[in-house]
Amino acid sequence: MEVVFFIVSASCLVVLLCVWTLLGGCMFNNVRDLLFNLFIVFLPVIIYPYLMKTDRENGYTRIIIAVVFSFTLVATMTFPVVLNGLNFDLRAVALSIGSLYGGVYVSLFLYAVVVVYRFIIDSPNQMAYIIAFLPTFLVIIWFVIRFQRLSLIQKMISSILVYASIRLISLTVYSYLIGNMSTLFNTNYPVFYGVIIVQCSISGVFVYVLETFKRNARLRGEIIRSEKMKIVSDIAASVAHEVRNPLTSVRGFIQLMGKDDLTTSNRQYYQKICLEELDRAEHIISDYLTFAKPEPEKIEVIEMKNEIDYVANVLTSYANYQNVQIIIQIEQDELLILGDKNKLRQALINIGKNSIEAMPEGGNLTFTAHSINGHVVISVGDTGIGMTKEQMNRLGTPYYSTKDKGTGLGTMVSFSIIRKMQGKIEVKSELAKGTTYMITIARLNASK
């Protein structure tokens, strides 16, 4: 974006210098009027990027182009540039560019705007001007039909030819109809045709800027699509990899169970491992589906003491197996929040399970909840192995886990659930000292 605006500014400056050189120096007011006309002509360039960002149908885009360029036409005709007694304006630039990018119907509308506004401002020889002006419409239509298939250089040349055709054809026919052909060969003709050349250059620069915007927009869209496809590919590859591991184990143990000399105890052991691995594969798929296609939320009032007691009861057997003691510290008064009870339970169970697994030698898992500044703060802390700063920064990203057999989906789902409840989650951790998850959610009765 900055590069394009730099090109526009530099081009305008070059045009001004060319005009100054052609005229051998001119009055300050003339330069000011010319600069104002340039600003008016390049005004659609400012609007065009926002027009490309809107996801609208082609008809809507044409309407916007017609409105913007009709405004440009009216403004340039209202404030012409006077050089050595001759009036110049940049209406033909707006007319040619608006027609080329808007199409036949936009071109017809812009021609009507020029004719009608010229009648409103009471310009002389109206009928002669219309007769001289209409043949240029055929020239524009010829270029409009082919314009979108051209390359950048060809489009710039086409815009210059269209502008030159409009100026020279209309001027020649108009001068002939009013009986004043000497205008084309008066003493000021070097200035006259020099300004036309400069205006042709402006038309070419205008097309270059618009095409640069279009090219950058296409590249940006391709980059976004590529990134989305990469994310989809990474997720698909990760899920396939994580699911393939337990399935490979199941396949191997099923083959072992087919041996004739297998003892009953080994058969039962292999069957147990097969079921555990299948459960692990199901858990991976369930976590992925929860994140990729979440179920509709059921919003209700949640009393945090009851929910923490429920989560602690669910985790008790697993905690006992890992030699972990669960401690609950909650204020006596009601701590009410608003959200989906089942999803909050899922988030707390995932976090609690991760905390238990972070204490392979046993330890304490502490649930606390208290109210502060109109919010409920739920803390889940462990005395486990802790995490490094780099690990904490990556926590919650897809398929990142500190566990050897982890997928990272459970943590990602938990973080997503908390954010959807308009809450925030912070993680504090030190190696060999433990990790604390602090969840902050707005309290329902905060105003009481």
Side-chain angles (χ1 to χ4, degrees), residues 37-38 40-45 47-48 51 58-77 80 88-119 123 125-177 184 192-193 195-211 213-214:
N37 267 255
L38 287 173
I40 294 173
V41 167
F42 279 98
L43 184 62
V45 174
I47 301 173
Y48 197 76
L51 181 62
N58 199 30
Y60 177 87
T61 303
R62 289 176 178 174
I63 292 174
I64 297 298
I65 292 176
V67 172
V68 172
F69 280 93
S70 61
F71 169 79
T72 305
L73 281 173
V74 171
T76 54
M77 293 173 67
F88 297 91
D89 59 53
L90 301 178
R91 77 180 74 173
V93 175
L95 181 62
S96 60
I97 302 299
S99 299
L100 292 174
Y101 282 92
V104 176
Y105 294 108
V106 173
S107 177
L108 188 60
F109 175 78
L110 295 178
Y111 267 82
V113 170
V114 173
V115 172
V116 171
Y117 189 70
R118 197 174 185 277
F119 177 79
S123 296
N125 305 313
Q126 182 73 6
M127 186 56 64
Y129 182 82
I130 293 175
I131 296 174
F133 197 48
L134 288 181
T136 62
F137 180 73
L138 300 177
V139 176
I140 283 185
I141 296 305
W142 190 88
F143 279 97
V144 165
I145 296 172
R146 297 162 177 79
F147 186 74
Q148 297 302 328
R149 299 192 299 268
L150 302 178
S151 64
L152 174 60
I153 299 299
Q154 290 173 333
K155 287 182 177 180
M156 293 176 64
I157 295 174
S158 298
S159 67
I160 292 173
L161 292 177
V162 169
Y163 176 84
S165 300
I166 294 175
R167 290 292 295 175
L168 296 178
I169 293 175
S170 60
L171 180 62
T172 302
V173 176
Y174 179 76
S175 299
Y176 175 78
L177 292 176
L184 301 176
F192 182 80
Y193 291 106
V195 171
I196 291 180
I197 293 173
V198 171
Q199 290 175 338
C200 288
S201 302
I202 294 174
S203 181
V205 170
F206 200 118
V207 170
Y208 176 80
V209 172
L210 288 185
E211 291 300 315
F213 274 129
K214 291 176 67 175

Side chain to side chain donor-acceptor pair (under 3.5 Å) pairs touching residues 128-143, sequence neighbours excluded, are Arg91-Tyr129, Tyr111-Thr136
Quick one: list whatever passes side chain to side chain contact (heavy atoms under 4.5 Å, CB included) with Leu108, sequence neighbours left out.
Phe137
Ring centre gap for Tyr101 and Phe147 strictly below 6.0 Å:
yes
With Phe206, which residues qualify under ring pair (Phe, Tyr, Trp, His ring centres under 6.0 Å), at least two apart?
Phe42
Who passes side chain to side chain donor-acceptor pair (under 3.5 Å) against Gln126, sequence neighbours left out?
Arg118
So which heavy atom on Ser96 is nearest to which on Ile166, and how close?
CB-CD1, 4.1 Å
According to side chain to side chain donor-acceptor pair (under 3.5 Å), who are the partners of Thr76, at least two apart in sequence or on a separate chain?
none
Between Leu100 and Ser159 the two heavy atoms that sit nearest each other are CD1-CA, 3.8 Å
Please name all residues satisfying side chain to side chain contact (heavy atoms under 4.5 Å, CB included) with Ala112, sequence neighbours left out, ordered by chain then number.
none
Do any pairs count as a salt bridge (Lys or Arg N to Asp or Glu O under 4.0 Å) and have a residue in residues 141-151, sequence neighbours left out, and if so which ones?
none
Set of side chain to side chain contact (heavy atoms under 4.5 Å, CB included) partners for Ile145, sequence neighbours left out:
Ile141
May I have all residue pairs that pass salt bridge (Lys or Arg N to Asp or Glu O under 4.0 Å) and include part of residues 97-107, sequence neighbours excluded?
none
Among residues at least two apart in sequence or on other chains, which ones pass side chain to side chain donor-acceptor pair (under 3.5 Å) with Ser99?
Ser107
Taking only residues two or more places apart in sequence or in another chain, which ones pass side chain to side chain contact (heavy atoms under 4.5 Å, CB included) with Ala164?
Cys200
With Tyr117 via side chain to side chain donor-acceptor pair (under 3.5 Å) - residues at least two apart:
Thr78
